[in-house]
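Step one of this worksheet: look at the structure below.
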Amino acid sequence: MSSMNLLHPEGMKRQSADICVFICDEAYFKSLNYGKHKLKCLLDLCFDQDVAVFVGKTEEVLNELVRQYAVQTLITQTTYFPLYQGLFETLQDTLDLQVIEDPLKMSSLKLTKPSYFSFFASIEDQLKVPRNAHD
């Protein structure tokens with residue numbers, strides 16, 4: 001039995017799993033109008049947390065990883081992106097899907113900012129929220 005932690009733009013905190021992955025779907029991110037600074041920030045977060053990055057279409061790469069690693073449990077964070085919601089809805093029939101709520105409520109923000117600086121300005125207030133010592 002294998003578990004996979006899937007990180008995505010609205011859930012970039014690594015969770016305990018056998019394999020932790022981020023799928024860099026360039027076409028999808030381009031359709032979201034992501035700027036290069038925002039993409040670099042996401043990839044830096046992956047690097048800092050020792051998360052494997054795969055490039056390709058999200059659904060195809062995820063299905064291949066599930067097959068290759070015989071994944072039975074998928075761990076991820078809440079998202080409002082339709083692409084991921086659709087994937088999770090489809091996968092919940094075949095996998096044990098564990099969706100973790102984001103304590104910073106990042107997924108409630110509309111992250112459609114093309115530049116990293118306007119993205120940061122939109123989340124700055126949430127980052128100032130005091131957190132518990134064990135988080």
Side-chain angles (χ1 to χ4, degrees):
M1 177 149 76
S2 181
S3 62
M4 178 190 303
N5 174 213
L6 175 65
L7 281 73
H8 52 78
E10 293 181 306
M12 291 298 295
K13 183 178 178 185
R14 181 187 171 119
Q15 307 296 324
S16 179
D18 297 322
I19 180 173
C20 297
V21 301
F22 177 80
I23 301 170
C24 185
D25 186 337
E26 294 177 25
Y28 181 66
F29 292 149
K30 189 173 186 174
S31 75
L32 295 174
N33 201 23
Y34 274 22
K36 64 182 177 182
H37 290 91
K38 188 167 180 180
L39 288 175
K40 182 177 181 336
C41 177
L42 294 173
L43 295 174
D44 285 345
L45 286 169
C46 291
F47 179 76
D48 291 345
Q49 299 180 89
D50 195 27
V51 172
V53 176
F54 295 86
V55 178
K57 293 186 129 219
T58 303
E59 185 173 8
E60 291 173 6
V61 173
L62 183 58
N63 286 331
E64 176 60 26
L65 291 171
V66 166
R67 185 193 61 74
Q68 180 179 351
Y69 291 99
V71 173
Q72 295 193 351
T73 303
L74 182 67
I75 305 163
T76 191
Q77 288 179 261
T78 304
T79 180
Y80 290 104
F81 284 153
L83 171 70
Y84 296 101
Q85 285 181 337
L87 281 174
F88 299 158
E89 190 173 303
T90 302
L91 291 172
Q92 73 183 358
D93 295 335
T94 56
L95 298 175
D96 174 23
L97 182 63
Q98 297 178 11
V99 180
I100 298 169
E101 293 296 321
D102 179 13
L104 293 177
K105 306 291 185 213
M106 293 295 287
S107 59
S108 66
L109 298 172
K110 300 298 181 211
L111 303 179
T112 57
K113 309 290 186 199
S115 111
Y116 173 76
F117 301 105
S118 56
F119 161 72
F120 182 79
S122 72
I123 66 167
E124 190 171 16
D125 289 340
Q126 298 237 356
L127 296 175
K128 293 179 183 178
V129 174
R131 298 180 63 191
N132 295 336
H134 68 282
D135 285 345

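Keep in mind that what you see is a predicted model, and the values were worked out from it rather than measured.
- Separating the OG atom in S31 from the CG atom in L83 is a distance of 8.5 Å, to the nearest 0.5 Å.
- Considering V66, L97, D96 as possible partners of L74, the one that fulfils the side-chain contact (heavy atoms from CB on, under 4.5 Å) test is L97.
- The CD atom of Q68 lies 7.5 Å from the CD1 atom of I19; values are rounded to the nearest 0.5 Å.
- Here the side chain of Q77 pairs no donor or acceptor atom with the backbone of L7 at under 3.5 angstrom.
- The hydrophobic cluster containing Y34 does not contain F47, counting ILVMFWY residues as joined when their side-chain heavy atoms lie under 4.5 angstrom apart, directly or transitively.
- Nearest approach of S2 to A70, heavy atoms of both residues: CB-O, 3.5 Å.
- More than 12 heavy atoms of other residues, nucleotides or ligands shown are found within 6.0 angstrom of CD on E64.
- Between the CG atom of L91 and the CG atom of L6 there is a distance of 9.0 Å, given to the nearest 0.5 Å.
- Judged purely by atom type and a 3.5 angstrom limit, D25 has no side-chain atom pairing as donor or acceptor with the backbone of K57.
- Within a 6.0 Å radius of CD in E89, no more than 12 heavy atoms belonging to other residues, nucleotides or ligands are found.
- Counting non-hydrogen atoms of other residues, nucleotides and ligands closer than 6.0 Å to CD of E59 gives a total of 12 or fewer.
- With a 4.5 Å cut-off on side-chain heavy atoms, L42 and M12 count as touching.
- At distances below 3.5 Å, at least one donor-acceptor pair connects side-chain atoms of N5 with backbone N or O atoms of Q15.
- Note: C24 SG to F29 CZ = 5.5 Å, rounded to the nearest 0.5 Å.
- A pairwise comparison of heavy atoms in G56 and I23 identifies O-CG2, 3.8 Å as the closest pair.
- Looking only at distances, a side-chain donor or acceptor of Q85 sits under 3.5 Å from a matching main-chain atom of T79.
- Side-chain contact check for Y28 versus L32: some heavy-atom pair is nearer than 4.5 Å.
- Using a 4.5 Å heavy-atom cutoff, the side chains of S3 and Y69 are not in contact.
- Taking the side chain as every heavy atom from C-beta outward, T76 and F88 approach each other to under 4.5 Å.
- Here the straight-line distance linking atom CG of L87 with atom CG of L62 works out to 6.0 Å at 0.5 Å rounding.
- Judged by distance alone, with hydrogens and angles left aside, the side-chain atoms of R14 form no donor-acceptor pair with the main-chain N or O of C20 at under 3.5 Å.
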Item to complete: Evaluate the criterion side-chain contact (heavy atoms from CB on, under 4.5 Å) for residue pair E10 and T78; output intermediate values, then yes/no.
Response: CA-CA 7 Å; E10 293 181 306; T78 304; over 6 Å; no
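- For the pair M4/V21, a side-chain contact is recorded, criterion being any heavy-atom separation below 4.5 Å from C-beta on.
- Separation of atoms CG (L43) and NZ (K38) is listed at 12.5 Å; rounding is to 0.5 Å.
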